[in-house]
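Input: a single structure, listed below in structure tokens.
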Amino acid sequence: MQELDQARQRWQVGHHLFFVYVQSLILICQKLQRQADDGDLSAAHASIEEATYLMWGISVSFKLTGGFSQAAYDGYVRPNMFEASEGFSGMWAQDHDYLIKKTMRQLKPLFANPPEELAAAVQKFRQAFAITYDSHKYVCDKFEGGQPSLLMGEAAQKTAGEMIDTFKRNRLLVLGAPMPG
């Protein structure tokens with residue numbers, strides 16, 4: 001029982017951390033947009049670096065969140081996600097949706113064609129972003145293996161990890177970094 005309780009705590013704290021990071025990214029990206037619009041590239045550079053640090057934090061929080069056994073996942077975490085909703089997904093969170101569909105898309109021109117002064121910082125952000133998706137995939141693969149995600153259901157054509165790869169590729173395109181097939 002102690003192992004299940006620890007798994008529950010990790011899962012909940014990890015998700016709480018994730019949403020704090022998401023909300024922080026929204027604020028920093030909005031600030032970055034204003035700075036870029038104002039031509040304040042020095043401040044924009046600092047904001048991109050802040051966003052990069054947050055992406056590294058998300059990456060670590062994914063691994064922390066999934067730091068428990070398969071038995072605890074099967075016995076507690078997954079049934080509780082399924083009980084919350086048959087297609088449970090963090091993508092349903094309004095903050096996450098806002099970050100991806102509004103905030104990041106508004107920055108697409110900046111990320112797709114950054115000024116020379118921001119190019120290195122943008123590339124570091126892209127790398128941290130990609131590694132964050134790899135960390136999420138690690139957790140999905142660890143617990144789900146070749147199974148579909150709860151979001152996609154049993155009729156899914158892709159595994160949970162394959163869905164993460166699809167999201168990663170699509171989101172990196174928004175950031176101006178095409179991914180191979």
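Owing to the predicted nature of the structure, the values given are computational and were not obtained by experimental measurement. This chain uses plain numbering: 1 for the first residue, then up along the sequence.
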For this session: Report the distance from atom CD of Q70 to atom NZ of K142, rounding to the nearest 0.5 Å.
Result: 8.0 Å
Problem set entry | Approximate separation, where rounding is to 0.5 Å, of Y133 OH and R171 CZ | 3.5 Å
For this session: Provide the closest heavy-atom pair for R126 versus L172 in the form atom of the first, atom of the second, distance.
Result: O-CD2, 3.9 Å
Problem set entry | S47 to L32 - nearest heavy-atom pair and separation | CB-CB, 4.1 Å
Problem set entry | Joint hydrophobic cluster, L99 plus W56, side-chain heavy atoms closer than 4.5 Å | no
Problem set entry | Exceeds 12 heavy-atom contacts within 6.0 angstrom, atom OH of Y138 | no
Problem set entry | Pairwise distance CG(L175) to CE(M104) - rounded to 0.5 angstrom | 4.0 Å
Seminar exercise, completed: Quick note, salt bridge (charged side-chain N to carboxylate O under 4.0 Å, His left out) partners involving residues 99-125, not counting sequence neighbours, are D97-K101
Problem set entry | Salt-bridge present (D5, R8; N to O < 4.0 Å) | yes
For this session: Would you check if the side chain of T166 reaches a backbone N or O of E162 as a donor-acceptor pair within less than 3.5 Å?
Result: yes
Problem set entry | Y98-L110 co-clustered via ILVMFWY side chain contacts under 4.5 Å | yes
Exercise. Would I131 end up clustered with F167 when hydrophobic side chains under 4.5 Å apart are linked, directly or stepwise?
Worked result: no
Side-chain polar contacts of residues 16-27 - donor-acceptor pairs under 3.5 angstrom, sequence neighbours left out - could you list them?
residue	atom	partner	partner atom	Å
Q23	NE2	D95	OD2	2.6
S24	OG	V20	O	2.9

For this session: Take K168 and T132, measure what side-chain contact (heavy atoms from CB on, under 4.5 Å) needs, and give me the verdict at the end.
Result: CA-CA 9 Å; K168 174 184 173 182; T132 296; over 6 Å; no
For this session: Would you check if E144 and T159 make a side-chain contact, meaning some heavy-atom pair closer than 4.5 Å?
Result: no
For this session: Compare every heavy atom of G75 with every heavy atom of L4, then report the nearest pair and how far apart it is.
Result: CD2-C, 4.4 Å
Enumerate, atom names and distances included, each donor-acceptor pair closer than 3.5 Å involving a side-chain atom of residues 37-45, sequence neighbours excluded.
residue	atom	partner	partner atom	Å
D37	OD1	Q33	NE2	3.0
D40	OD1	A43	N	3.2

Exercise. Below 6.0 angstrom between ring centroids: does that apply to F111 and F125?
Worked result: yes
Problem set entry | Minimum-distance pair of heavy atoms, taken over all atoms of A119 and P114 | CA-CG, 4.0 Å
For this session: List the steps, then state whether side-chain contact (heavy atoms from CB on, under 4.5 Å) holds for T65 with V139.
Result: CA-CA 8 Å; T65 302; V139 174; 5.9 Å; no
For this session: Establish whether I58 and V60 are linked, either directly or via other cluster members, by ILVMFWY side-chain heavy-atom contacts under 4.5 Å.
Result: no
Seminar exercise, completed: Separation between CD (Q35) and SG (C29), nearest 0.5 Å, reads 10.5 Å
For this session: Working to the nearest 0.5 Å, report the span between CG of L54 and OG of S61.
Result: 10.5 Å
Exercise. If you measure from OH on Y73 to CZ on R10, what distance do you get to the nearest 0.5 Å?
Worked result: 16.0 Å
